[in-house]
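Convention: sequence-line order gives letters A, B, ...; per-chain numbering from 1.
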Protein chains: 2
Amino acid sequence: MTPTRRAPLADAVICTVDVVLLTLHQHTLHVVLSRREKAPNQGALALPGGFVHTQEDDSAWHAAARVLQDKAGIDSPYLEQLATWSGPDRDPRGWSVSIVYYALIPETLVPAHSADVQMHPVYALPLLPFDHGQMVAQAIERVRNKSQYSSLPVYLCGDAFTLPHLQTVYEAVLGEPINKVSFRRKMDEMDMLEPIEGALESGGAHRPAQLYRLKPEFQRSLSVVERGINA
Amino acid sequence: MTPTRRAPLADAVICTVDVVLLTLHQHTLHVVLSRREKAPNQGALALPGGFVHTQEDDSAWHAAARVLQDKAGIDSPYLEQLATWSGPDRDPRGWSVSIVYYALIPETLVPAHSADVQMHPVYALPLLPFDHGQMVAQAIERVRNKSQYSSLPVYLCGDAFTLPHLQTVYEAVLGEPINKVSFRRKMDEMDMLEPIEGALESGGAHRPAQLYRLKPEFQRSLSVVERGINA
DNA sequence: GGAATAGTGTCTCTAAGACAGTATCTA
DNA sequence: TAGATACTGTCTTAGAGACACTATTCC
């Protein structure tokens, strides 16, 4: 063998995280985009993301939580890994890896619309840089799948909500109407809600609805049922 | 601000792939482990894995396929990303990322038992280095979930198999017996199998079973049903 | 009281599970 | 023919959907 300089331990790889931050606005799923401060694609709307900081981040999850805090001022109660994108061409700076997370938050927590942070409906997105379009599509798919058999959509609601409202949230996520009786049977089976004693949501010329909240044990974990909500 | 040397584009991160290679042996899920050739944990049995090679790999998926070929001589028809593990402490060499894939192959394709490549039952594994134990556990969970409503387990069978055999494969993966009539109804609904004309599996003192094969369009993609196999 | 939505009781219908029957092989 | 397993027909049962009824509010 020809003597060569010892190769480095590993090839240099650019390691970033991106976050698909989802919320519900006007009965439609929206994704929160932020304007890129640096090249490449400086000035473009994109998923909030950034480099992993090896000095401060304990994991990619922590990096994603930090990015969410820095770019949108949000401390999301639900932040789950989606998948990892990688390859030599996705970022012009070189062979790169992006570990992608997704988060769900109620509309009330979304920062006010500005030039730098905007909410866009997921089915009418501007053209996104890198492979961010794929990431959003896969996040939607994951959320729709999980919503079929879990309490995931409650993260799109605030602290107190009514069953009719929660049903519209599920319907918006799943994209189809749900039978009212079946829906209530499922919520009962999930056993994750408790009525807020004496709290009703009035406001219309009709019977007011009972307000519910998540049982404490489900604040940051999902309730799951074996057979999904058959929508 | 004090003048400092310009930080590099990104902090150095070690980027590897690992593969959870699963197969069925004696009606039990087994994972194929290979002996580590290099430090750290040199000589230990671990998931086959290695660095991403930025010069030759087009993506982490390609790196995983290459690792599978190099360490076990296998070209798996199904190789899917599981998740990514990361952090400063999981590898003593520094802040590291491992993009983990899982693959399913029939027992006939597993390399012969040797000192360097071994098959171990997933519920009685040796202590694995790094966070490989977590990776295997999560792969099992993923496979069991997907098997409830898809054709995933057929990747554990060879090219031709009988329905009774396929049912035992599903039962081994799911860990519970399945109703025979329901199972056949589901296989029919999945519409992924075709009988091999005139090919029967004889061998016992009883009626021989029809041999089936995957329809070509499902050779490398899954068939999925809405409502799972209710085991 | 009328209109509107919340919440519930109950029937129908679909699909999963149980069970028993027929089919086809070896010894 | 006996015994074993493959395959199928059909009844039972669990659970999702449809529908209608009652409840409670504002006007």
Would you say a side-chain N or O of A:Arg207 is under 4.0 Å from OP1 or OP2 of C:dG7?
no
Give the rounded distance in Å between these two atoms: CZ of A:Arg185 and P of D:dA18.
11 Å
Please state how far atom CD1 in B:Ile178 lies from atom P in C:dA16, giving the value in whole angstrom units.
13 Å
Side chains of A:Leu193 and A:Leu163: does their closest heavy-atom pair fall under 4.5 Å?
yes
Ignoring backbone atoms, test whether B:Lys186 places a side-chain nitrogen or oxygen under 4.0 Å from the OP1 or OP2 oxygen of C:dA16.
yes
Separation of C:dC25 P from B:Glu201 CD (nearest whole Å):
14 Å
Does the side chain of A:His132 pick up a donor-acceptor pair with the side chain of A:Gln134 at under 3.5 Å?
no
What is the distance, rounded to the nearest whole Å, between atom CE of B:Met187 and atom P of C:dA16?
11 Å
Rounded to whole angstroms, how far apart are CD on A:Glu226 and P on C:dA16?
14 Å
Give a yes/no answer on whether the side chain of B:Asn179 brings an N or O atom under 4.0 Å of OP1 or OP2 in C:dA16.
no
Which nucleotide in C:dT8, C:dT24, C:dG7 has an atom nearest any side-chain atom of A:Val181
C:dT8
Rounded distance in Å - CZ (B:Phe183) to P (D:dT8):
14 Å
